[in-house]
2 protein chains.
Amino acid sequence: MTAQTSLTSRLADEIVDLIVDGGLRPGDALESSRALAQRFEVTTPTVREALRRLEATDVVQFRHGSGTYVGAGFERRMVVNQHAGRDSIEELIATRLLLEPSIAAEAARCRTDVDLEVLEGALTNALTPQRGDERPALHFHVAVAAATGNRLVAETLEALLHLRSREQVQIRHRYDDRERDHAEHEQILEAIRVGDADRASELTSSHLQSIRDVLVDGSAGKGAK
Amino acid sequence: MTAQTSLTSRLADEIVDLIVDGGLRPGDALESSRALAQRFEVTTPTVREALRRLEATDVVQFRHGSGTYVGAGFERRMVVNQHAGRDSIEELIATRLLLEPSIAAEAARCRTDVDLEVLEGALTNALTPQRGDERPALHFHVAVAAATGNRLVAETLEALLHLRSREQVQIRHRYDDRERDHAEHEQILEAIRVGDADRASELTSSHLQSIRDVLVDGSAGKGAK
DNA sequence: GTCACGAAAGTGACTAGATCACTTGATGAC
DNA sequence: GTCATCAAGTGATCTAGTCACTTTCGTGAC
């Protein structure tokens with residue numbers, strides 16, 4: 001049960017731990033590949049695989065002939081992977097509450113007929129339980145962002161929702177009022193359809209607020225599990 | 001001149017090209033490691049390093065014993081690395097225009113005295129030309145996002161500005177009216193200081209709009225360099 | 001004393017050829 | 001028809017190196 005994950009994955013995590021424990025900051029040098037290989041009792045190619053993975057998000061940087069150094073992505077990782085307490089979930093909802101109303105308003109202004117079809121599709125998909133299908137059913141809120149016609153907006157929101165995806169499941173577990181969820185989504189869609197930006201914004205805001213309320217009440221009133 | 005970059009980096013790019021050229025979509029299988037190694041005339045550990053790098057952003061996924069598959073991150077990469085034309089810069093500005101006014105408003109509501117000091121620091125740093133110092137001077141707009149007290153908001157905006165960082169330099173090159181930039185930042189800061197959310201939002205909006213205008217005029221009027 | 005040069009040590013980059021572990025699909029017994 | 005079995009394909013990792021680059025530090029010229 002310790003780990004179904006690969007040796008390389010664990011290794012990457014352990015290297016991050018090493019950076020944390022050592023109090024290293026961006027710019028500081030890590031141990032050499034060979035030293036790391038010895039420390040973790042693996043071979044250098046394996047260490048390098050783990051480091052490459054970390055390099056991709058700039059957690060570490062290679063400098064040929066010089067050494068391996070902590071990169072700026074390290075601190076970013078610390079923020080992103082912060083312990084998944086209630087704070088981080090509330091932080092996520094707060095962020096969405098800040099950004100999504102504007103996005104919904106813009107969607108109401110810019111949406112095309114095709115966007116509307118996609119939104120309707122996302123809405124019906126949400127009701128049918130996930131099939132064995134690979135496609136994880138386009139998230140309604142991402143579909144709204146896509147309806148702005150700006151791919152970067154959609155991408156940003158998707159990245160945001162992808163974060164803390166585990167906690168998002170928790171939210172759904174609590175906020176299990178599917179009918180209400182669907183009804184609110186439908187209202188938002190209607191506002192976008194008729195191009196009422198203000199109403200789309202307000203509805204999105206109150207929708208997220210109600211989710212937040214459930215969350216806060218739940219954490220205050222309910223015990224574990 | 002062909003490439004100062006490492007073999008692994010080039011290899012990662014070439015594998016992505018291979019996915020693109022092959023018309024592969026998320027879920028499709030890649031060639032085996034051995035086949036890739038043969039194709040590119042490198043050894044398997046090298047291929048694996050390149051693949052690990054791509055795995056970090058979910059461009060590919062490993063399935064032990066089964067194969068290597070294209071992941072959801074592939075399409076994301078396509079969006080992020082789309083050819084850096086004017087469209088993508090305008091898209092970025094449009095996104096910022098959509099998100100940052102709300103953030104500035106929230107900052108005006110939530111900022112602490114410490115946040116104000118940080119903002120002032122970011123403002124003066126922007127005027128002094130970059131020193132040899134490693135720290136790349138906290139971006140004013142990121143500092144505003146941080147003043148919301150929500151780390152996730154700051155992180156999101158930072159990620160956004162980090163994208164297309166090359167093009168951002170272009171923008172600065174055109175929008176070289178440092179004094180005006182600084183003056184507008186100062187106005188925004190003042191609104192945040194006194195807690196005027198509406199004004200902070202409006203000022204941010206007009207600030208970004210003026211940047212966009214310069215950009216659009218520049219692209220229409222000016223030739224290359 | 002100062003500074004250019006250059007060898008040596010340390011480090012990452014990559015090679016070469018294996019072995020082990022897991023998945024998958026075909027085969028064959030029941 | 002169903003299910004256990006097995007073999008081929010693939011990823012995961014190892015062993016044991018060589019090559020290329022950077023940094024350092026000592027040497028010697030000035």
Side-chain angles (χ1 to χ4, degrees), chain A residues 1-16 18-19 22 24 26-71 73-74 132 134, chain B residues 1-16 18-19 22 24 26-71 73-74 132 134:
Chain A
M1 181 184 122
T2 44
Q4 192 64 282
T5 61
S6 70
L7 174 56
T8 302
S9 304
R10 273 179 293 156
L11 201 53
D13 291 339
E14 291 189 272
I15 290 173
V16 171
L18 206 60
I19 297 174
L24 300 185
D28 294 343
L30 259 72
E31 295 178 41
S32 72
S33 314
R34 291 167 177 85
L36 288 172
Q38 275 206 339
R39 174 191 287 269
F40 295 115
E41 297 182 322
V42 296
T43 56
T44 42
T46 308
V47 168
R48 289 179 57 73
E49 270 187 48
L51 287 174
R52 283 291 179 198
R53 232 174 81 138
L54 297 177
E55 185 204 16
T57 45
D58 197 31
V59 174
V60 303
Q61 295 173 333
F62 291 104
R63 294 185 209 166
H64 191 172
S66 172
T68 311
Y69 299 81
V70 179
F74 168 67
E134 274 296 321
Chain B
M1 179 186 123
T2 46
Q4 192 64 281
T5 61
S6 70
L7 174 56
T8 302
S9 304
R10 274 178 292 157
L11 201 52
D13 290 339
E14 290 188 273
I15 289 173
V16 171
L18 207 59
I19 297 173
L24 300 186
D28 294 344
L30 260 71
E31 294 178 41
S32 72
S33 312
R34 290 168 179 83
L36 289 172
Q38 276 206 338
R39 173 191 287 270
F40 295 116
E41 297 182 321
V42 296
T43 56
T44 44
T46 308
V47 167
R48 288 180 56 74
E49 272 186 45
L51 288 173
R52 282 291 179 199
R53 235 173 78 137
L54 296 176
E55 185 205 17
T57 44
D58 197 32
V59 174
V60 303
Q61 294 174 334
F62 292 105
R63 292 185 210 165
H64 190 172
S66 174
T68 310
Y69 297 82
V70 179
F74 169 67
E134 274 296 322

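First the proteins, then the strands, lettered A, B, ... as listed; each starts at 1.
Heavy atoms only, all atoms of each residue included: A/Gly27 and A/Tyr69 are closest at O-CD2, 3.4 Å.
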Next on the checklist: Does A/Phe62 form a side-chain contact (heavy atoms from CB on, under 4.5 Å) with B/Thr8? I'd like the steps, not just the answer.
Outcome noted: CA-CA 12 Å; A/Phe62 291 104; B/Thr8 302; over 6 Å; no
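Between the CG atom of A/Leu7 and the CD atom of A/Glu14 there is a distance of 8.5 Å, given to the nearest 0.5 Å. Distance check: B/Thr68 OG1 to B/Leu54 CG gives 10.5 Å after rounding to the nearest 0.5 Å. The OG1 atom of B/Thr57 sits 10.5 Å away from atom CZ of A/Arg53, with the distance rounded to the nearest 0.5 Å.
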Checklist entry - Just by protein heavy atoms under 4.0 Å, how would nucleotides 10-16 of chain C read 5' to 3' in B, S and -? => result BBBBSBB
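When the C1' atom of D/dA12 is taken as reference, atom CG of B/Leu36 falls 16 Å away, rounded to whole Å.
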